[in-house]
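Note: hydrogens, waters and symmetry copies are ignored here, and every other heavy atom, side chains too, is used. Quick note on labels: first sequence line is chain A, next is B, and so on, each numbered from 1.
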2 protein chains.
Amino acid sequence: MTLDVRTMCLGALSEAEASGYELQKNFKEGPLAHFLEASYGSIYPALTRLTEEGLVTCSEQTQEGRPDKKVYSITPQGQDALEVALRALPAEDRFRSEFLFFMSFSELMDAGQVSRLIDDRINTVLGKQAILEESNREDLTPGQKFVLGYGHAMMKASLKYLQDNRHLVEVPQMRPAPAQKNNGITSPSLNQDQ
Amino acid sequence: MTLDVRTMCLGALSEAEASGYELQKNFKEGPLAHFLEASYGSIYPALTRLTEEGLVTCSEQTQEGRPDKKVYSITPQGQDALEVALRALPAEDRFRSEFLFFMSFSELMDAGQVSRLIDDRINTVLGKQAILEESNREDLTPGQKFVLGYGHAMMKASLKYLQDNRHLVEVPQMRPAPAQKNNGITSPSLNQDQ
DNA sequence: GCTTCCATGTAATAGGTTACATGATTTG
DNA sequence: CAAATCATGTAACCTATTACATGGAAGC
(Lines give C-alpha, C1' and ligand atoms only; values in the text may rest on other atoms or scores of the structure.)
Protein backbone atom coordinates (compact mmCIF):
# COMPACT_ATOMS: atom_id res chain seq x y z
CA MET A 1 0.00 0.00 0.00
CA THR A 2 1.21 3.47 -0.79
CA LEU A 3 0.40 6.60 1.09
CA ASP A 4 -1.82 8.32 -1.42
CA VAL A 5 -3.66 11.60 -1.21
CA ARG A 6 -6.93 9.78 -0.68
CA THR A 7 -5.63 8.16 2.52
CA MET A 8 -4.07 11.43 3.62
CA CYS A 9 -7.43 13.15 3.30
CA LEU A 10 -9.25 10.40 5.14
CA GLY A 11 -6.76 10.62 7.98
CA ALA A 12 -7.00 14.37 8.20
CA LEU A 13 -10.80 14.20 8.23
CA SER A 14 -10.70 11.73 11.11
CA GLU A 15 -9.20 14.56 13.15
CA ALA A 16 -11.64 17.24 12.11
CA GLU A 17 -14.04 18.01 9.30
CA ALA A 18 -12.66 20.29 6.66
CA SER A 19 -12.97 21.53 3.11
CA GLY A 20 -10.56 20.63 0.36
CA TYR A 21 -9.02 24.04 0.58
CA GLU A 22 -8.47 23.69 4.32
CA LEU A 23 -6.97 20.23 3.90
CA GLN A 24 -4.37 21.56 1.54
CA LYS A 25 -3.48 24.28 3.98
CA ASN A 26 -3.28 21.80 6.84
CA PHE A 27 -0.97 19.54 4.91
CA LYS A 28 1.26 22.47 4.07
CA GLU A 29 1.32 24.18 7.44
CA GLY A 30 0.24 21.60 9.97
CA PRO A 31 2.36 19.42 12.22
CA LEU A 32 2.84 16.90 9.41
CA ALA A 33 4.02 19.48 6.92
CA HIS A 34 7.49 18.03 6.62
CA PHE A 35 6.38 14.84 4.91
CA LEU A 36 2.92 15.52 3.52
CA GLU A 37 2.03 17.65 0.59
CA ALA A 38 -0.69 17.58 -1.97
CA SER A 39 -1.98 19.83 -4.70
CA TYR A 40 -5.61 20.79 -5.21
CA GLY A 41 -5.55 18.75 -8.37
CA SER A 42 -5.18 15.63 -6.28
CA ILE A 43 -7.21 16.62 -3.21
CA TYR A 44 -10.49 17.49 -4.88
CA PRO A 45 -10.73 14.30 -6.93
CA ALA A 46 -9.75 12.31 -3.84
CA LEU A 47 -12.61 13.83 -1.86
CA THR A 48 -15.05 13.09 -4.64
CA ARG A 49 -13.95 9.49 -4.66
CA LEU A 50 -14.09 9.14 -0.87
CA THR A 51 -17.64 10.51 -0.97
CA GLU A 52 -18.65 8.05 -3.67
CA GLU A 53 -17.25 5.24 -1.58
CA GLY A 54 -19.19 6.38 1.48
CA LEU A 55 -16.10 7.00 3.59
CA VAL A 56 -16.85 10.69 3.96
CA THR A 57 -19.90 12.88 3.57
CA CYS A 58 -20.14 16.36 2.22
CA SER A 59 -22.27 19.28 3.31
CA GLU A 60 -22.29 22.46 1.33
CA GLN A 61 -22.11 25.64 3.33
CA THR A 62 -22.91 29.01 1.91
CA GLN A 63 -20.85 31.78 3.44
CA GLU A 64 -21.27 35.51 3.36
CA GLY A 65 -18.47 37.41 1.80
CA ARG A 66 -16.73 34.19 0.81
CA PRO A 67 -17.17 31.49 -1.79
CA ASP A 68 -19.29 28.52 -0.94
CA LYS A 69 -17.62 25.76 0.93
CA LYS A 70 -17.91 22.01 0.84
CA VAL A 71 -17.20 20.63 4.26
CA TYR A 72 -16.32 16.95 4.41
CA SER A 73 -16.77 14.74 7.48
CA ILE A 74 -15.66 11.19 8.01
CA THR A 75 -18.33 8.49 8.28
CA PRO A 76 -18.22 5.47 10.61
CA GLN A 77 -17.26 3.38 7.57
CA GLY A 78 -14.50 5.86 6.85
CA GLN A 79 -13.19 5.67 10.39
CA ASP A 80 -13.30 1.92 10.12
CA ALA A 81 -11.43 1.90 6.85
CA LEU A 82 -8.75 4.13 8.33
CA GLU A 83 -8.26 1.87 11.31
CA VAL A 84 -8.07 -1.17 9.08
CA ALA A 85 -5.48 0.55 6.91
CA LEU A 86 -3.48 1.36 10.03
CA ARG A 87 -3.13 -2.33 10.80
CA ALA A 88 -1.10 -2.97 7.66
CA LEU A 89 2.61 -2.50 7.35
CA PRO A 90 3.57 0.96 6.21
CA ALA A 91 5.38 1.16 2.89
CA GLU A 92 8.91 2.48 2.73
CA ASP A 93 9.49 6.20 2.75
CA ARG A 94 9.83 7.94 -0.56
CA PHE A 95 12.58 10.48 -0.45
CA ARG A 96 14.10 12.14 -3.45
CA SER A 97 16.39 15.10 -3.09
CA GLU A 98 17.58 17.14 -5.99
CA PHE A 99 19.69 19.19 -3.62
CA LEU A 100 21.71 16.16 -2.53
CA PHE A 101 21.97 14.99 -6.12
CA PHE A 102 23.44 18.35 -7.05
CA MET A 103 25.80 18.31 -4.10
CA SER A 104 27.15 14.93 -5.10
CA PHE A 105 28.47 16.65 -8.21
CA SER A 106 29.95 19.61 -6.39
CA GLU A 107 33.20 19.26 -8.34
CA LEU A 108 31.30 20.10 -11.52
CA MET A 109 30.02 23.36 -10.08
CA ASP A 110 31.92 26.49 -9.27
CA ALA A 111 32.45 27.43 -5.66
CA GLY A 112 29.91 30.23 -5.76
CA GLN A 113 27.13 27.97 -6.88
CA VAL A 114 27.90 25.40 -4.22
CA SER A 115 27.84 28.01 -1.48
CA ARG A 116 24.65 29.52 -2.78
CA LEU A 117 22.98 26.13 -2.84
CA ILE A 118 23.93 25.45 0.76
CA ASP A 119 22.84 28.88 1.90
CA ASP A 120 19.49 28.42 0.18
CA ARG A 121 19.08 25.03 1.72
CA ILE A 122 19.80 26.32 5.19
CA ASN A 123 17.20 29.00 4.69
CA THR A 124 14.52 26.64 3.49
CA VAL A 125 15.15 24.31 6.41
CA LEU A 126 14.91 27.26 8.79
CA GLY A 127 11.63 28.18 7.15
CA LYS A 128 10.25 24.70 7.58
CA GLN A 129 11.40 24.65 11.15
CA ALA A 130 9.45 27.83 11.78
CA ILE A 131 6.33 26.24 10.29
CA LEU A 132 6.67 23.26 12.59
CA GLU A 133 7.19 25.45 15.60
CA GLU A 134 4.07 27.43 14.80
CA SER A 135 1.97 24.32 14.53
CA ASN A 136 3.14 22.96 17.86
CA ARG A 137 0.02 23.48 19.89
CA GLU A 138 -1.17 21.89 23.05
CA ASP A 139 -4.15 20.25 21.45
CA LEU A 140 -2.07 17.95 19.31
CA THR A 141 -2.40 14.24 19.91
CA PRO A 142 0.61 12.36 21.29
CA GLY A 143 1.08 10.84 17.88
CA GLN A 144 1.16 14.22 16.21
CA LYS A 145 3.58 15.56 18.78
CA PHE A 146 5.83 12.58 18.21
CA VAL A 147 5.80 13.13 14.47
CA LEU A 148 6.32 16.84 14.80
CA GLY A 149 9.24 16.26 17.12
CA TYR A 150 10.67 13.83 14.62
CA GLY A 151 10.56 16.42 11.89
CA HIS A 152 12.14 18.94 14.16
CA ALA A 153 14.95 16.59 15.10
CA MET A 154 15.65 15.89 11.43
CA MET A 155 15.83 19.56 10.61
CA LYS A 156 18.10 20.30 13.48
CA ALA A 157 20.41 17.50 12.40
CA SER A 158 20.29 18.74 8.84
CA LEU A 159 21.25 22.26 9.80
CA LYS A 160 24.06 21.05 11.99
CA TYR A 161 25.47 18.83 9.30
CA LEU A 162 25.33 21.53 6.67
CA GLN A 163 27.05 24.04 8.90
CA ASP A 164 29.69 21.65 10.18
CA ASN A 165 30.53 20.04 6.85
CA ARG A 166 30.02 22.59 4.13
CA HIS A 167 33.76 23.13 4.00
CA LEU A 168 34.08 19.64 2.51
CA VAL A 169 32.51 20.85 -0.72
CA GLU A 170 33.41 24.50 -0.50
CA VAL A 171 37.17 24.08 -0.31
CA PRO A 172 38.31 24.61 -3.89
CA GLN A 173 39.40 21.31 -5.36
CA MET A 174 42.47 20.66 -7.48
CA ARG A 175 43.56 24.21 -7.81
CA PRO A 176 47.12 25.11 -8.62
CA ALA A 177 46.43 27.57 -5.87
CA PRO A 178 49.02 29.60 -4.03
CA ALA A 179 49.75 29.12 -0.40
CA GLN A 180 46.47 28.81 1.34
CA LYS A 181 46.91 28.12 4.94
CA ASN A 182 44.24 26.60 6.99
CA ASN A 183 43.72 23.69 4.74
CA GLY A 184 41.84 21.98 7.49
CA ILE A 185 40.37 19.20 5.46
CA THR A 186 39.28 16.75 8.02
CA SER A 187 38.91 13.31 6.69
CA PRO A 188 35.20 13.09 6.12
CA SER A 189 34.67 10.01 8.13
CA LEU A 190 31.14 8.91 8.72
CA ASN A 191 31.25 8.53 12.42
CA GLN A 192 32.22 11.87 13.65
CA ASP A 193 30.08 12.85 16.51
CA GLN A 194 31.06 15.13 19.21
CA MET B 1 13.33 20.92 -13.24
CA THR B 2 12.52 17.78 -11.35
CA LEU B 3 15.01 15.12 -10.53
CA ASP B 4 13.89 12.43 -12.90
CA VAL B 5 15.36 9.05 -13.60
CA ARG B 6 16.82 10.30 -16.86
CA THR B 7 18.93 12.91 -15.02
CA MET B 8 19.87 10.38 -12.37
CA CYS B 9 21.20 8.04 -15.06
CA LEU B 10 23.08 10.80 -16.81
CA GLY B 11 24.73 11.79 -13.56
CA ALA B 12 25.67 8.25 -12.68
CA LEU B 13 27.14 7.70 -16.13
CA SER B 14 29.27 10.81 -15.75
CA GLU B 15 31.04 8.95 -12.93
CA ALA B 16 31.50 5.67 -14.75
CA GLU B 17 30.03 3.75 -17.65
CA ALA B 18 27.49 1.17 -16.69
CA SER B 19 24.62 -0.98 -17.83
CA GLY B 20 21.02 -0.40 -16.84
CA TYR B 21 21.20 -3.28 -14.46
CA GLU B 22 24.30 -1.88 -12.78
CA LEU B 23 22.76 1.56 -12.53
CA GLN B 24 19.81 0.20 -10.61
CA LYS B 25 22.15 -1.57 -8.24
CA ASN B 26 24.25 1.56 -7.79
CA PHE B 27 21.22 3.63 -6.96
CA LYS B 28 20.10 1.07 -4.44
CA GLU B 29 23.43 0.35 -2.79
CA GLY B 30 25.69 3.25 -3.60
CA PRO B 31 26.53 6.31 -1.54
CA LEU B 32 23.36 8.04 -2.71
CA ALA B 33 21.10 5.15 -1.79
CA HIS B 34 19.22 7.11 0.85
CA PHE B 35 17.55 9.45 -1.59
CA LEU B 36 17.74 7.81 -5.00
CA GLU B 37 15.79 4.85 -6.22
CA ALA B 38 14.51 3.74 -9.57
CA SER B 39 12.94 0.67 -11.06
CA TYR B 40 14.06 -1.07 -14.23
CA GLY B 41 10.82 0.07 -15.79
CA SER B 42 12.06 3.63 -15.59
CA ILE B 43 15.78 3.11 -16.12
CA TYR B 44 15.71 1.24 -19.41
CA PRO B 45 13.41 3.69 -21.19
CA ALA B 46 15.50 6.55 -19.79
CA LEU B 47 18.67 5.07 -21.28
CA THR B 48 16.98 4.60 -24.63
CA ARG B 49 15.93 8.21 -24.62
CA LEU B 50 19.35 9.49 -23.55
CA THR B 51 20.89 7.52 -26.41
CA GLU B 52 18.41 8.96 -28.91
CA GLU B 53 19.29 12.42 -27.68
CA GLY B 54 22.99 11.79 -28.10
CA LEU B 55 23.80 12.32 -24.44
CA VAL B 56 25.07 8.78 -24.00
CA THR B 57 26.28 6.02 -26.28
CA CYS B 58 25.75 2.34 -25.99
CA SER B 59 28.07 -0.56 -26.74
CA GLU B 60 26.81 -4.09 -26.56
CA GLN B 61 29.09 -6.55 -24.85
CA THR B 62 28.69 -10.27 -25.11
CA GLN B 63 29.74 -12.09 -22.00
CA GLU B 64 30.42 -15.72 -21.37
CA GLY B 65 28.21 -17.39 -18.88
CA ARG B 66 26.11 -14.28 -18.50
CA PRO B 67 23.50 -12.48 -20.55
CA ASP B 68 24.61 -9.85 -22.98
CA LYS B 69 25.16 -6.44 -21.59
CA LYS B 70 24.58 -2.95 -22.90
CA VAL B 71 27.16 -0.62 -21.47
CA TYR B 72 26.33 3.06 -21.65
CA SER B 73 28.89 5.87 -21.62
CA ILE B 74 28.34 9.58 -21.40
CA THR B 75 29.18 11.72 -24.44
CA PRO B 76 30.70 15.20 -24.39
CA GLN B 77 27.21 16.54 -25.11
CA GLY B 78 25.91 14.54 -22.19
CA GLN B 79 28.57 15.91 -19.87
CA ASP B 80 27.69 19.36 -21.10
CA ALA B 81 24.00 18.84 -20.51
CA LEU B 82 24.68 17.64 -17.00
CA GLU B 83 26.78 20.67 -16.15
CA VAL B 84 24.14 22.98 -17.55
CA ALA B 85 21.47 21.24 -15.48
CA LEU B 86 23.65 21.71 -12.41
CA ARG B 87 23.54 25.48 -12.84
CA ALA B 88 19.81 25.60 -12.25
CA LEU B 89 18.16 25.77 -8.87
CA PRO B 90 17.36 22.37 -7.45
CA ALA B 91 13.69 21.63 -6.89
CA GLU B 92 12.41 21.00 -3.40
CA ASP B 93 12.86 17.60 -1.85
CA ARG B 94 10.06 15.13 -2.16
CA PHE B 95 9.55 13.24 1.03
CA ARG B 96 6.56 11.16 1.88
CA SER B 97 6.54 8.87 4.86
CA GLU B 98 3.85 6.35 5.49
CA PHE B 99 5.52 5.43 8.75
CA LEU B 100 5.16 8.96 10.12
CA PHE B 101 1.61 9.14 8.83
CA PHE B 102 0.80 5.97 10.76
CA MET B 103 2.54 7.24 13.87
CA SER B 104 0.49 10.41 13.84
CA PHE B 105 -2.52 8.16 14.45
CA SER B 106 -0.90 6.13 17.18
CA GLU B 107 -4.01 6.52 19.37
CA LEU B 108 -5.97 4.53 16.80
CA MET B 109 -3.58 1.60 17.00
CA ASP B 110 -3.02 -0.79 19.84
CA ALA B 111 0.21 -0.59 21.79
CA GLY B 112 1.62 -3.73 20.21
CA GLN B 113 1.28 -2.40 16.71
CA VAL B 114 2.91 0.89 17.62
CA SER B 115 5.89 -0.84 19.19
CA ARG B 116 6.24 -3.21 16.27
CA LEU B 117 6.21 -0.31 13.85
CA ILE B 118 8.95 1.48 15.74
CA ASP B 119 11.05 -1.66 16.05
CA ASP B 120 10.71 -2.29 12.33
CA ARG B 121 11.64 1.26 11.57
CA ILE B 122 14.73 1.10 13.73
CA ASN B 123 15.78 -2.04 11.93
CA THR B 124 15.30 -0.62 8.48
CA VAL B 125 17.26 2.48 9.41
CA LEU B 126 20.05 0.30 10.77
CA GLY B 127 20.00 -1.61 7.50
CA LYS B 128 20.29 1.54 5.46
CA GLN B 129 23.06 2.75 7.68
CA ALA B 130 24.96 -0.46 6.97
CA ILE B 131 24.52 0.09 3.24
CA LEU B 132 25.93 3.58 3.50
CA GLU B 133 28.88 2.41 5.55
CA GLU B 134 29.69 -0.25 3.02
CA SER B 135 29.68 2.24 0.18
CA ASN B 136 32.01 4.62 2.00
CA ARG B 137 35.15 4.08 0.01
CA GLU B 138 38.18 6.22 -0.42
CA ASP B 139 37.59 6.80 -4.11
CA LEU B 140 34.41 8.78 -3.56
CA THR B 141 34.42 12.40 -4.66
CA PRO B 142 34.18 15.09 -2.00
CA GLY B 143 30.61 15.70 -3.11
CA GLN B 144 29.71 12.08 -2.69
CA LYS B 145 31.33 11.95 0.71
CA PHE B 146 29.41 15.02 1.75
CA VAL B 147 26.12 13.51 0.64
CA LEU B 148 26.88 10.17 2.21
CA GLY B 149 27.76 11.87 5.46
CA TYR B 150 24.50 13.78 5.26
CA GLY B 151 22.54 10.57 4.96
CA HIS B 152 24.44 9.10 7.82
CA ALA B 153 23.76 12.09 10.04
CA MET B 154 20.05 11.90 9.25
CA MET B 155 19.89 8.25 10.13
CA LYS B 156 21.74 8.74 13.35
CA ALA B 157 19.37 11.52 14.31
CA SER B 158 16.43 9.36 13.34
CA LEU B 159 17.57 6.45 15.50
CA LYS B 160 18.24 8.71 18.43
CA TYR B 161 14.86 10.33 18.19
CA LEU B 162 13.04 7.04 17.92
CA GLN B 163 14.83 5.59 20.90
CA ASP B 164 14.51 8.67 23.05
CA ASN B 165 10.89 9.42 22.27
CA ARG B 166 9.09 6.18 21.60
CA HIS B 167 7.61 6.34 25.06
CA LEU B 168 5.51 9.29 23.89
CA VAL B 169 3.42 6.98 21.75
CA GLU B 170 3.94 3.76 23.64
CA VAL B 171 2.56 4.87 26.99
CA PRO B 172 -1.02 3.70 26.98
CA GLN B 173 -3.36 6.65 26.65
CA MET B 174 -6.25 7.11 29.01
CA ARG B 175 -8.94 5.28 27.17
CA PRO B 176 -12.43 5.74 28.48
CA ALA B 177 -14.08 2.73 26.90
CA PRO B 178 -12.90 -0.77 27.76
CA ALA B 179 -14.17 -3.42 25.41
CA GLN B 180 -14.62 -2.40 21.81
CA LYS B 181 -16.64 -4.94 19.94
CA ASN B 182 -15.54 -5.70 16.51
CA ASN B 183 -18.52 -5.09 14.30
CA GLY B 184 -17.91 -6.85 11.06
CA ILE B 185 -18.90 -4.10 8.74
CA THR B 186 -17.67 -4.96 5.32
CA SER B 187 -16.57 -1.50 4.55
CA PRO B 188 -14.88 -0.68 1.32
CA SER B 189 -11.47 -0.80 2.88
CA LEU B 190 -8.60 1.25 1.63
CA ASN B 191 -6.39 -0.56 -0.80
CA GLN B 192 -6.80 -3.97 0.59
CA ASP B 193 -4.06 -6.10 -0.79
CA GLN B 194 -2.80 -9.53 0.00
C1' DG C 1 -4.46 49.29 -7.47
C1' DC C 2 -2.12 45.05 -6.86
C1' DT C 3 -1.55 41.00 -4.46
C1' DT C 4 -3.04 37.57 -1.50
C1' DC C 5 -6.65 34.84 0.41
C1' DC C 6 -10.72 32.33 -0.13
C1' DA C 7 -12.83 28.47 -2.83
C1' DT C 8 -13.71 24.60 -6.38
C1' DG C 9 -12.86 22.00 -10.06
C1' DT C 10 -11.08 19.85 -14.84
C1' DA C 11 -7.82 18.45 -18.49
C1' DA C 12 -3.52 17.64 -20.28
C1' DT C 13 0.60 15.82 -19.17
C1' DA C 14 4.37 13.79 -16.87
C1' DG C 15 6.39 10.48 -14.39
C1' DG C 16 6.70 6.51 -12.31
C1' DT C 17 5.57 1.47 -10.51
C1' DT C 18 4.14 -3.27 -11.14
C1' DA C 19 3.52 -7.10 -13.58
C1' DC C 20 4.69 -9.59 -17.45
C1' DA C 21 7.91 -11.98 -20.66
C1' DT C 22 12.38 -14.58 -21.08
C1' DG C 23 16.24 -17.35 -19.78
C1' DA C 24 21.05 -18.92 -18.42
C1' DT C 25 24.09 -19.47 -14.38
C1' DT C 26 25.65 -19.49 -9.88
C1' DT C 27 25.02 -20.13 -5.02
C1' DG C 28 23.00 -22.25 -0.94
C1' DC D 1 16.75 -28.49 -6.27
C1' DA D 2 15.33 -23.97 -5.16
C1' DA D 3 16.54 -19.48 -4.96
C1' DA D 4 19.06 -15.59 -6.11
C1' DT D 5 21.84 -13.09 -9.53
C1' DC D 6 22.58 -11.45 -13.97
C1' DA D 7 20.34 -9.12 -17.83
C1' DT D 8 16.87 -6.48 -20.91
C1' DG D 9 12.76 -4.78 -22.12
C1' DT D 10 7.41 -3.71 -22.77
C1' DA D 11 2.64 -2.74 -21.52
C1' DA D 12 -0.89 -1.68 -18.45
C1' DC D 13 -1.81 1.06 -14.90
C1' DC D 14 -1.77 4.53 -11.34
C1' DT D 15 -0.99 8.73 -9.27
C1' DA D 16 0.05 13.22 -9.00
C1' DT D 17 1.51 17.82 -10.93
C1' DT D 18 0.72 21.81 -13.74
C1' DA D 19 -1.91 24.75 -16.06
C1' DC D 20 -6.26 26.32 -17.01
C1' DA D 21 -10.87 28.32 -15.78
C1' DT D 22 -13.51 31.48 -12.58
C1' DG D 23 -14.37 35.14 -9.34
C1' DG D 24 -15.39 37.94 -5.07
C1' DA D 25 -13.32 40.03 -0.86
C1' DA D 26 -9.81 41.62 2.10
C1' DG D 27 -5.41 43.55 3.02
C1' DC D 28 -1.43 46.45 1.78
*Assess whether side chain to side chain contact (heavy atoms under 4.5 Å, CB included) is satisfied between Val147(A) and His34(A), documenting all intermediate values.*
CA-CA 9 Å; Val147(A) 169; His34(A) 56 106; 3.8 Å; yes
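- The pair Asp119(A)-Arg166(A) meets the salt-bridge criterion, with a side-chain N (NZ, NE, NH1 or NH2) lying under 4.0 Å from an Asp/Glu carboxylate O.
- Nearest-nucleotide assignment on DNA chain D puts the 5′-proximal partner with Lys25(B), out of Ser42(A) and Lys25(B).
- Place Thr48(A) and Lys69(A) on DNA chain C by their nearest nucleotides, and Lys69(A) ends up nearer the 5' end.
- With distances taken from any side-chain atom of Tyr40(B) to the nucleotides dT15(D), dT8(D), dT8(C), the minimum falls on dT8(D).
- In this structure, of dG23(D), dC6(D), dG9(D), it is dG9(D) that holds the atom nearest to the side chain of Lys70(B).
- Here the nucleotide nearest the side chain of Tyr44(A), chosen from dT10(D), dC6(C), dT8(C), is dT8(C).
- Comparing dG9(D), dG16(C), dA16(D) against the side chain of Asp4(B) picks out dG16(C) as the nearest.
- Here Tyr21(B) reaches the OP1 or OP2 of dC6(D): one of its side-chain N or O atoms lies under 4.0 Å away.
- At whole-Å resolution of the value, CD in Glu29(B) and C1' in dA4(D) are 13 Å apart.
- Asp68(A) places its CG atom 13 Å from the P atom of dG24(D), with the value rounded to the nearest Å.
- A straight line from OH of Tyr72(A) to C1' of dA7(C) spans 11 Å, rounded to a whole angstrom.
- A sub-4.0 Å separation between OP1 or OP2 of dA7(C) and a side-chain N or O of Gln63(A) is present.
- Between Leu23(B) and Leu13(B), some side-chain heavy-atom pair lies under the 4.5 Å cut-off.
- Rounding to whole angstrom units, CG of residue Leu36(A) and C1' of dA16(D) are separated by 14 Å.
- For Tyr150(A) and Phe146(A), the distance between ring centers is not under 6.0 angstrom.
- Checking Ser115(B) against Glu170(B) by side-chain atom types alone, a donor-acceptor pair falls below 3.5 Å.
- OP1 or OP2 of dA16(D) lies within a sub-4.0 Å distance of a side-chain N or O belonging to Arg96(B).
- In this entry the distance linking CD of Gln61(B) with C1' of dT8(D) reads 15 Å, nearest Å.
- In this structure, Leu3(A) atom CG and dT17(C) atom P are separated by 16 Å, rounded to whole Å.
- When heavy atoms are screened at a 4.0 angstrom cut-off, Gly41(B) is found touching base atoms of the nucleic acid.
- Rounded to whole Å, the distance from CD on Glu37(B) to C1' on dT18(C) is 13 Å.
- As a whole-Å value, the separation of Lys28(B) NZ from dA4(D) P is 12 Å.
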